[in-house]
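To start, the structure itself, in structure tokens.
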Amino acid sequence: MAPVPDPNNVGGGAKRDEATTKVPSKDPKKKDDKKEDDLSEEDLELKQNLELYVERVQDPNPELQKAALESMRQEIRASTSSMTSVPKPLKFLRPHYGTLKELHKNMADSDLKKLLADILSVLALTMSAEGERESLGYRLTGSGGDIGSWGHEYVRNLAGEIAEEYTMRQSEEASVEDLMDLVKQIVAFHMKHNAETEAVDLLMDVEDLDLLLAHVDRTNFRRTCNYLTSSAKFLPGPDDMLVLDIAYMIYMKFEEYPNALQVALFLDNMQYVKQVFTSCSDLLRKKQFCYMISRHGITVELDSEMVADKDDRDMLQDIVNNTKLSEGYLTLARDIEVMEAKTPEDIYKAHLLDGRASSGPSVDSARQNLAATFVNAFVNAGFGQDKLMTVPSDAASGTAGNWLFKNKEHGKTSAAASLGMILLWDVDAGLTQLDKYFHSTDNPVLAGALLGVGINNCGIKSDCDPALALLGEYIDNEDSSVRIGAIMGLGIAYAGSQNDQLRSSLSPILNDAKAPLDVIAFAALSLGMIYVGSCNEEVAQSIIFALMDRSEAQLGDALTRFLPLGLGLLYLGKQESVEATAEVSKTFNEKIRKYCDMTLLSCAYAGTGNVLKVQDLLAQCGEHLEKGDIHQGPAVLGIAMVAMSEELGLDMAIRSLERVLQYGEQNIRRAVPLALGLLCISNPKVNVMDTLSRLSHDTDSEVAMAAIISLGLIGAGTNNARIAGMLRNLSSYYYKDASLLFCVRIAQGFVHMGKGLLTLSPFHSERLLLSPTALAGIVTLLHACLDMKSIILGKYHYVLYFIVLAMQPRMMLTVDENLKPISVPVRVGQAVDVVGQAGRPKTITGFQTHSTPVLLAAGERAELATDKYIPLSPILEGFIILKENPDYREE
């Protein structure tokens, strides 16, 4: 196609100089003469025809005008169907745009004027000046008619102009009726032509998403909802919630209940959850909903409306209560053949190191034994057997009793509690094994047994509440270590349950003048866990009073930081709801005021991806302050907490933290590794691994410790060989430094957690849902790590057990209609983001086919490799119920 002389200056001329329309329209003639030879015959004919029409339109005879306009319209319509290049009629009519505009202005109102307006509206697509919105103006005065007949590009351009016009009219408070009529047409057009994303964008711009419900149908509702749910993460509140509301309604309209349930859980809207149950009549599908709820880790009491039949209700409640978790996890372990218990030595692999570290004198053996206790607990978590604690003590060797007493005073607490971790989720066996320690006269052992019961019951609910029955009577014991064991155990066992009975027994401790600070701190923390994300006023009140009652000296104590954290957990992810409490926190003593402020802000916006809050927190990190200020630690962790919800924000946060590392003060540098550990928890990204590896040799031992713990966190439950190698080298590098060596051991325990079957990631359901209890556990551990020396390396090392709240099997286990495991082939590969892509793209790439149960690494997705069964949930994670496909025929 021959190049046409630069028409831009012509267009420009026409716009600049409306009065002298004649000049520009003569002007191109001269230039065109040279080029006319380049045009093909058809083009030349088309050009002459169009020029003829333009002259005819100016004719006084209305019949001629009408014929000319009709012909012009035919020509334009015929050519706008494809949009790969500027259509020729539009190109040849450019010089005459000014003439036609002038003509339209002077015409009397008639059908002809409307016809001309239609044509001008299309011409304005390529001709009108930026921001003039001429296309829209002419469209509104034109004859209406089918909007799609002018082609996609025209509709797109109109949508853009409508959005601008709408914003302008809103600010002037003018009527938008006429615009909304047009919006309806455009949305209908987009939805018919697979452009759901554009329809949603337009409706977001004109703030009327309810229109969607009328236009979605069976063919496009999935893509529409996909786009809605994924765009919610990038919208400011409260728009994000509105968008998800619409997605929920669309899913309910098409009876896509599992997805509707996910959105309901994301919104944390119990009414919606209930509605999903009442709308669905199929018992099997309800079982699947129960598995989804139990994975999310919230407490839901099924009532007679949700499930009518009593026996069915009890069975479903069992699933919600997570009683099946231990069984499923052990099925996976047997299938992968990792049942055999491992010892800490199997993890350290000291024989792979050069001689000096292993043959050196065993430094501080109590500290080493304590480390071994934790490693043993993490590695054998949930397997029910190990080589240190559960060995039957025969008279000769008496090992089981011995290991407990190889630990010093408070070390025994962690050792006894580790038994709860080894028997994780298996309540009956756990209580039987822990029972022997309840008769101990040794207080640390009793404290450990109490904590062990809490850990053992973590995430498992039961009608008879064994944890509450056992631990309740020890809350007011005279020995403070026993009290802490009971209080922390209850916090872990009932996290997220909002149990009022516990509130009435724990709240008084907070305001008890005689209670020691550590007991008060753990009570605040446990209440925060139990009421996580509930915004409970009474609990908030109690913690606030407890904070106000602290003396100057106590505010300097390391454990005091658990009070603001307990307060923050109440508002986890609840955004604006925190504001009233944040105002109150401004009245606190200046030692803790800023710390409290940062903690509240970071908890309230955790997992929302709110960019403005990340900026606020970054601004806090940019200040260079005196040594005594501790509030920048939570601010750095806050950046990670807010940004961790979606990939884009996550990468940006990692980059921002690199900057903070270079320019920040020492107390900020100590928190950065922990923030990186949170961002990539159980997801060892190579760039973060390298940063942490560099920091683990830092001259400041606090930075090095944080980096080592974080290496463990990013590799948690992955058995990542590269991290395991790094940690082994670190263990020989730090063989003389007991504290750092302890951290290395803990990190090694994390990496091999559950022999590689567990994950600590608080996200599930393809990173859509964030489990509040899991995040609470991780954040508590990280806050404790901000002051390693006094908490984790001091006598409160059992704070490490809070991580149990986030421990979940990273499995996908398929079960049949009777909930018995069955093995089917599945493809597991890297998940691909297919939101808004055309057609039906593949959702996973580079897959391998395995038979279930399978392990899913971070960023992986599974899909069934057979048509024999139909999964009852679209997202294959955790327990998936399969239904036989009635249409399946064997090959």
Nearest heavy-atom approach of Ala495 to Leu805 is CB-CD2, 3.5 Å
Does one side chain, of Ser765 or Gln262, offer a donor that lies under 3.5 Å from an acceptor on the other? yes
So, Ser414 and His797: side-chain donor and acceptor under 3.5 Å apart, yes or no? yes
For Asn321, is there any backbone N or O sitting under 3.5 Å from a side-chain donor or acceptor partner on Ser294? no
Hey, is the main chain of Val453 close enough, under 3.5 Å, to the side chain of Asn457 for a donor-acceptor pair? yes
For a quick check under 3.5 Å, do Thr299 and Ser497 share a side-chain donor-acceptor pair by atom type? no
Return the CG to CD1 distance between Asn719 and Ile347, rounded to the nearest 0.5 Å. 7.5 Å
Determine the sole option in Leu451, Leu471, Leu525, Thr413 for which the side chain to side chain contact (heavy atoms under 4.5 Å, CB included) test with Met488 is passed. Leu451
Pick one: which of Leu760, Asn380, Thr759 meets side chain to side chain contact (heavy atoms under 4.5 Å, CB included) with Met753? Leu760
Are Met689 and Lys685 close enough that some pair of their side-chain heavy atoms sits under 4.5 Å apart? no
Which atoms form the tightest heavy-atom contact between Lys233 and Arg767, and what is the distance? NZ-O, 3.4 Å
So does Lys755 pair up with Asp346, basic N to acidic O under 4.0 Å? no
Where the side chain of Thr852 meets the backbone of Ile822, is there a donor-acceptor pair that is under 3.5 Å apart? yes
Polar side-chain atom of Tyr494 near backbone of Leu468 as donor-acceptor pair, under 3.5 Å: yes
Are the side chain of Asn818 and the backbone N or O of Lys820 linked by a donor-acceptor pair below 3.5 Å? no
Show the nearest heavy-atom pair for residues Ala377 and Ser418, with the distance to one decimal. CB-CB, 3.6 Å
Check the pair Leu261, Ile293 against side-chain contact (heavy atoms from CB on, under 4.5 Å), reporting the backbone distance first and the verdict last. CA-CA 9 Å; Leu261 180 65; Ile293 291 174; 4.3 Å; yes
Should the ring pair Tyr798 and Phe522 be called parallel, tilted or perpendicular, given that the plane angle runs from 0 to 90° and is split at 30 and 60? tilted
Donor-acceptor contact present, side-chain Ser873 to main-chain Ile875, <3.5 Å: yes
Strictly below 4.0 Å, N to O, side chains only: are Lys287 and Glu817 in salt-bridge contact? no
Is the backbone of Gly649 close enough, under 3.5 Å, to the side chain of Glu646 for a donor and an acceptor to pair up by distance? yes
For Leu332 and Met811, the nearest pair of non-hydrogen atoms, with its separation, is CD2-CB, 3.6 Å
Between Arg861 (side chain) and Thr843 (backbone), is there a donor-acceptor pair under 3.5 Å? yes
Does Ser710 reach the main-chain N or O of Pro673 with its side chain, forming a donor-acceptor pair under 3.5 Å? yes
Specify whether Phe383 and Tyr329 have parallel, tilted or perpendicular ring planes, treating 30° as the upper limit for parallel and 60° as the lower limit for perpendicular. tilted
For residues 816-835, which residue pairs qualify under ring-ring contact (aromatic ring centres under 6.0 Å, His included), counting only residues two or more places apart or in two chains? none
Residues Gly607 and Leu770: closest non-hydrogen pair is CA-CD2, 4.0 Å
Phe277 and Tyr257: CA distance, side-chain angles, deciding distance, ring-ring contact (aromatic ring centres under 6.0 Å, His included) verdict: CA-CA 9 Å; Phe277 271 93; Tyr257 297 125; 9.9 Å; no
Tell me yes or no: between the side chains of Gln288 and Arg285, is some donor less than 3.5 Å from an acceptor? no
Ion pair check, Arg827 and Glu863, cut-off under 4.0 Å: yes
Would you say that Leu676 contacts Leu657 through its side chain, given a criterion of any heavy-atom pair below 4.5 Å between the two side chains? yes
Under 3.5 Å donor-acceptor, Gln317 side chain and Leu302 backbone: yes
So, for Pro853 and Leu813, which heavy atoms are closest and what is the spacing to 0.1 Å? CB-CD1, 3.5 Å
Counting heavy atoms not belonging to Glu327, are there more than 12 under 6.0 Å from its CD? no
Using a strict threshold of under 4.0 Å (side-chain N to carboxylate O), is an ion pair present between Asp268 and Lys574? yes
Does any part of the side chain of Tyr348, heavy atoms only, come nearer than 4.5 Å to the side chain of Val375, both counted from C-beta? yes
